[in-house]
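Everything quoted here is computed from the prediction, not taken from an experiment.
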Amino acid sequence: MKKWVYFFGAGKAEGDGTWRDLLGGKGAGLAEMTRIGLPVPAGFTISTEACDYFYKHGKKYPSELKKQVTDSVAKLERVTKKKLAIQEPSSRQRPLRLRPLHARHDGNHPQPGPQ
């Protein structure tokens with residue numbers, strides 16, 4: 001199965017700064033900062049290959065992408081010890097807050113999303 005999603009967090013990263021063509025500039029930078037021990041919040045990067053696939057296949061995502069994103073969200077929940085869900089007002093656990101997801105052009109790999 002083709003890998004489309006790369007995780008970083010808890011001091012480990014799938015990739016590093018040299019993976020710029022696969023992870024894009026921001027993804028490679030986050031992986032590298034995680035790898036060298038800087039305090040980077042956990043997250044994941046969808047590869048530039050997924051974007052290429054999207055455009056080459058009539059704006060359809062790879063069939064494996066949804067499961068890989070779902071698995072990465074579950075891993076993110078485990079690493080952060082927070083759930084990506086609406087919490088009851090009485091809950092003492094603070095839900096994990098997500099920054100808006102976006103994709104940006106890194107110069108080599110145009111990607112869908114607001115610029």
Item to check | CA sep, side-chain torsions, deciding dist, call: Gln68, Met1, side chain to side chain contact (heavy atoms under 4.5 Å, CB included) | outcome: CA-CA 10 Å; Gln68 290 181 26; Met1 175 173 53; 3.9 Å; yes
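- With hydrogens and angles disregarded, no donor-acceptor distance shorter than 3.5 Å links the side chain of Ser47 to the backbone of Val5.
- Within the 4.5 Å cutoff, side-chain heavy atoms of Trp4 are placed close to those of Glu64.
- Summarising the geometry of Ala13 relative to Ala31, their closest heavy-atom pair is CB-O, 3.5 Å, with the distance given to 0.1 Å.
- Ring centroids of Phe7 and Phe44 are separated by 6.0 Å or more, keeping the two rings apart.
- Contact detail for Ala10 and Val79: the closest heavy-atom pair is CB-CG1, 3.9 Å.
- Looking only at side-chain heavy atoms (C-beta outward), Leu65 and Ile46 come within less than 4.5 Å of each other.
- For the residue pair Leu23 and Gly15, the shortest heavy atom distance occurs at CD1-CA, 4.3 Å.
- The NE2 atom of His57 sits 10.5 Å away from atom CG of Asp52, with the distance rounded to the nearest 0.5 Å.
- Cation-pi contact between Lys56 and Phe54: absent, since separation from the ring centre below 6.0 Å together with deviation from the ring axis within 45° is not met.
- Comment: Asp71 engages Lys67 in a salt bridge, judged by a side-chain N to carboxylate O separation of less than 4.0 angstrom.
- Taking hydrophobic clusters as Ile, Leu, Val, Met, Phe, Trp and Tyr residues chained together by side-chain heavy-atom distances below 4.5 Å, Tyr61 shares a cluster with Val73.
- Lys3 has its side chain within reach of Glu14: a pair of non-hydrogen atoms, C-beta onward, lies under 4.5 Å apart.
- Each side chain to side chain donor-acceptor pair (under 3.5 Å) pair with one or both residues in residues 33-42, not counting sequence neighbours, appears once here: Glu32-Arg35.
- Hydrophobic clustering (ILVMFWY, side-chain heavy atoms < 4.5 Å, transitive): Val40 and Tyr6 are in distinct clusters.
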